[in-house]
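Working notes, beginning with the structure itself.
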Amino acid sequence: MATKKNKPADRLKTVKPSGKREETFFELVFDVARQIPKGKVTSYGAIAEILGTKLSARMVGWAMNGAHKVNPPVPAHRVVNRVGLLTGKHHFSTNTKMQELLEKEGVIIKNDQVVNFQKYFWNPGE
DNA sequence: ACCATGACTAGAA
DNA sequence: CTTCTAGCCATGG
């Protein structure tokens, strides 16, 4: 039947001639994350959804794990969980680094959570 | 190859 | 309201 499960990402396996593993999810996530406008935030699920794997929001977060070692760097501080909670702040240099970065861009954080999250929310691919 | 973990999310109890 | 379960899939031991 009509296989509606068409994957937008389609794995996009960009095989690296370097012989290293292909980026797959990671590059896609990084690419989307870099498109987040300054002063805006998004959620892991939103990125995952754009990639066609909304149920794999975990991979988005996991991809961020390597965000600091890719070039150009990925603004992982603009990626929060679905409720605007800075769940990944512990992965930054300091516990307050993520919040400071966001506040510096005009995003208000209160109690480790983005104020008016939906208002600052940026829809990937928009 | 198998098992455990992880920066998530949605739904059920 | 809180707590738990299941699904997702890549990485590492």
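Residue numbers start from 1 in every chain, and the chains themselves are labelled A, B, ... in the order their sequence lines are given, proteins ahead of strands.
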Can you tell me the distance, in whole Å, between the [atom1] atom of [X] and the [atom2] atom of [N]?
| X | N | atom1 | atom2 | answer |
| --- | --- | --- | --- | --- |
| A:Phe26 | B:dG6 | CZ | P | 15 Å |
| A:Asn65 | C:dG12 | CG | C1' | 12 Å |
| A:Lys97 | B:dA7 | NZ | P | 19 Å |
| A:Ile47 | B:dA7 | CD1 | P | 15 Å |
| A:His68 | B:dA7 | NE2 | P | 13 Å |
| A:Met64 | C:dC9 | CE | C1' | 16 Å |
| A:Glu49 | B:dA10 | CD | C1' | 13 Å |
| A:Lys54 | B:dT9 | NZ | P | 11 Å |

Which of these nucleotides, [options], is closest to any side-chain atom of [X]?
| X | options | value |
| --- | --- | --- |
| A:Met59 | C:dC8, B:dG6, B:dA7 | B:dG6 |
| A:Asn81 | B:dA7, B:dT9, C:dT11 | B:dT9 |
| A:Ser56 | B:dG6, C:dC8, B:dA7 | C:dC8 |
| A:Trp62 | B:dG6, B:dT9, B:dA7 | B:dG6 |
| A:His91 | B:dA7, C:dT11, C:dC8 | B:dA7 |
| A:Leu55 | B:dT9, C:dC8, B:dG6 | C:dC8 |
| A:Arg82 | B:dA10, C:dT11, B:dA7 | B:dA10 |

With a non-hydrogen cut-off below 4.0 angstrom, is A:Ala67 in contact with a base, only sugar-phosphate, or nothing?
-> nothing
Is a donor on one side and an acceptor on the other found under 3.5 Å between the side chain of A:His90 and the backbone of A:Thr87?
-> no
Give a yes or no on whether the backbone of A:Val79 and the side-chain of A:Tyr44 come within a donor-acceptor separation of less than 3.5 Å.
-> yes
Please tell me if the side chains of A:Arg34 and A:Pro72 come closer than 4.5 Å, counting only heavy atoms from C-beta onward.
-> yes
Name the one of A:Gln99, A:Met98, A:Lys97, A:His77 that satisfies side chain to side chain contact (heavy atoms under 4.5 Å, CB included) with A:Lys89?
-> A:Met98
Less than 4.0 Å between a side-chain N and a carboxylate O, is that true for A:Arg78 and A:Glu105?
-> yes
